[in-house]
Amino acid sequence: MPLNTEIGSHRRFVWSRAELATFKRIKDALGGTVNDVVLAVVSGALRNWLIERGIRTEGLELRALVPVSIRDADDRGGLGNRIAAMRGPLPVYAADPVTRLEIVRSAMEDLKQSKQALGAEVISRFNDFAPPTLLAQASRINFSTRLFNLIVTNVPGPQIPLYLLGRELEDIFPVAFLPENHALAIAIMSYNGRINFGLLADYDSLPDVDEVASGLGDALEELLEAAKERDRSSGARAERAGATAR
C-alpha cells in the first residue's frame with residue numbers, strides 16, 4: 001500500500017479549494033453530514049489515484065483517523081469540545097459515488113454510538129489542544145498507527161471574513177502531520193463559505209500527491225451531479241403528485 005510505507009524527513013504540500021455550499025447541497029439531497037460528504041470525496045479521489053497507479057481496489061477499504069464531534073443535544077451551548085478520534089471508512093472499492101457516501105454515512109453513525117467513540121472521548125477533555133495536537137495525542141494513545149491508513153481531519157472554521165491590520169484573510173489551508181509509516185495526511189478546514197483541503201505528503205513516497213488533490217474536485221463533481229439528479233427526480237415526483245391532487 002503506497003500510503004503506508006517508510007517515510008523520510010522531506011514533505012510535499014498541495015491544496016485544493018471547494019465551496020461549502022456544494023457540500024451542503026450534496027448532504028441535503030443525498031443524506032448524511034458535511035463530514036460524511038468530505039470522507040466520500042476523499043474516498044473517490046483515493047480510489048481514482050490508486051487505480052491510476054495500477055492498484056486493484058476491489059474489496060479494498062482504507063481507514064482514516066477522523067475526529068468527530070460526539071456532542072448530543074444536551075451538550076449544545078456548553079463550553080469545551082467533545083471530540084472523538086475514530087477510524088472512519090474510506091470505501092475505495094465502491095465505484096458509485098452515492099454508494100460511497102451511503103457506506104460512509106452508515107458507518108460513521110454507528111461509530112458515534114459505539115464504544116470506540118466513548119473510549120476516545122478522554123482526548124476531548126484537553127480543551128486547550130489545537131486540532132493537530134489533538135490528533136497527535138489520539139494517534140499515539142487510542143490507536144496504533146497500523147490500524148489506520150491516513151489522517152483525515154475536517155475542522156469547521158469561522159464563516160465570516162477575518163481581518164488583520166485592515167487586510168482580509170482570503171483562505172486558510174490547514175496542515176496535518178505524518179505519523180510513522182504514513183505517507184499522506186489530509187486536513188480540511190471551512191472558512192467564509194469555502195472548504196479548503198491541505199494535503200501533506202512524504203516527498204519521496206508520493207511525488208504525485210497533486211493527482212490526489214485534483215481528484216478531490218473530480219470526486220466532488222460526481223457527487224454534485226448525483227445530488228442534482230436526485231433533486232430533479234424529487235421535483236418531478238412532487239410535480240406529478242401536485243397534478244394528481246388537482
Under the ring-ring contact (aromatic ring centres under 6.0 Å, His included) rule, what do His182 and Phe148 come out as? Steps first, then yes or no, please.
CA-CA 9 Å; His182 284 66; Phe148 61 94; 4.8 Å; yes
Side chain to side chain contact (heavy atoms under 4.5 Å, CB included) for Glu168 and Asn192? Distances and angles first, verdict last.
CA-CA 11 Å; Glu168 182 179 345; Asn192 196 24; 3.9 Å; yes
Could you go through the side chain to side chain contact (heavy atoms under 4.5 Å, CB included) check for Glu61 and Thr57 one step at a time?
CA-CA 8 Å; Glu61 181 172 274; Thr57 60; over 6 Å; no
Please step through side chain to side chain contact (heavy atoms under 4.5 Å, CB included) for the pair Val34 and Ile195, ending with a clear verdict.
CA-CA 10 Å; Val34 168; Ile195 286 189; 4.1 Å; yes
Dump the intermediate steps for side chain to side chain contact (heavy atoms under 4.5 Å, CB included) on Leu162 and Leu164, then the final yes or no.
CA-CA 7 Å; Leu162 302 180; Leu164 177 64; over 6 Å; no
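Other residues, nucleotides and ligands place more than 12 heavy atoms under 6.0 Å from the NZ atom of Lys228. Other residues, nucleotides and ligands contribute at most 12 non-hydrogen atoms within 6.0 Å of the CD atom of Glu6. Atom CD of Glu170 has 12 or fewer heavy atoms from other residues, nucleotides or ligands within 6.0 Å.
No side-chain heavy atom of Pro174 sits under 4.5 Å from any side-chain heavy atom of Ile188. Between Leu223 and Phe23, the closest side-chain pair of non-hydrogen atoms is not below 4.5 Å. Side chains of Thr153 and Val66 form no contact here, defined as non-hydrogen atoms less than 4.5 Å apart. In this structure, the side chains of Leu3 and Ser205 stay at 4.5 Å or more apart for every pair of heavy atoms.
Remark: the backbone N or O of Ala94 is paired with a side-chain donor or acceptor of Arg100 at under 3.5 angstrom. In this structure a side-chain-to-backbone donor-acceptor pair under 3.5 Å is missing from Arg25 to Leu224. Side chain of Asn4 to main chain of Asn149: a donor-acceptor pair is present (N/O by atom type, distance under 3.5 Å, no hydrogens or angles). Here the side chain of Ser190 pairs a donor or acceptor atom with the backbone of Gly157 at under 3.5 angstrom. Judged purely by atom type and a 3.5 angstrom limit, Tyr191 uses its side chain to pair as donor or acceptor with the backbone of Leu169. For Asn196 (side chain) and Ile172 (main-chain N/O), a donor-acceptor pair under 3.5 Å exists by modelled atom type. Remark: side-chain polar atoms of Gln159 are paired, donor with acceptor, to backbone N or O of Gly193 under 3.5 angstrom. With hydrogens and angles disregarded, a donor-acceptor distance shorter than 3.5 Å links the side chain of Ser43 to the backbone of Leu39.
Across all non-hydrogen atoms, the minimal contact from Leu60 to Arg56 is CD2-O, 4.0 Å. The two atoms that bring Arg87 and Arg63 nearest to each other are O-NH1, 3.4 Å, heavy atoms only. Here the closest non-hydrogen pair linking Arg47 and Val92 is NH1-O, 3.0 Å. Taking all atoms of both residues into account, the shortest heavy-atom contact from Ala183 to Ile7 is CA-CG2, 3.9 Å. Across Trp49 and Glu211, no two heavy atoms sit closer than the pair CD1-CB, 4.2 Å. Taking each heavy atom of Ser16 and Ala213 in turn, the nearest pair found is OG-O, 3.7 Å.
At a threshold of 4.5 Å between side-chain heavy atoms, the hydrophobic network of Ile, Leu, Val, Met, Phe, Trp and Tyr places Leu30 and Ile103 in two separate groups. In terms of hydrophobic clustering, with Ile, Leu, Val, Met, Phe, Trp and Tyr side chains grouped at heavy-atom distances under 4.5 Å, Val209 and Val38 are assigned to a common cluster.
Expressed to the nearest 0.5 Å, how far CD1 of Ile151 lies from CG of Leu184 amounts to 10.0 Å. Put simply, CG on Leu46 and CD1 on Ile51 are 11.0 Å apart, with the number rounded to the nearest 0.5 Å. Separation of atoms CZ (Arg232) and CD (Glu229) is listed at 4.5 Å; rounding is to 0.5 Å. One distance of note links CZ of Phe173 with CG of Leu199; it measures 11.0 Å at 0.5 Å rounding. Rounding to the nearest 0.5 angstrom, the gap separating the CG atom in Leu150 from the CG atom in Leu178 is 10.0 Å. The distance from the OH atom of Tyr93 to the OG1 atom of Thr99 is 9.0 Å, given to the nearest 0.5 Å.
Evaluated for a side chain to side chain contact (heavy atoms under 4.5 Å, CB included) with Ile26, the options Asp36, Val37, Val98 yield exactly one hit, Val37.
No salt bridge links Arg105 with Glu102; every basic N to acidic carboxylate O contact stays at or beyond 4.0 Å.
A cation-pi contact, defined as under 6.0 Å to the ring centre and within 45° of the axis, links Arg12 to Tyr203.
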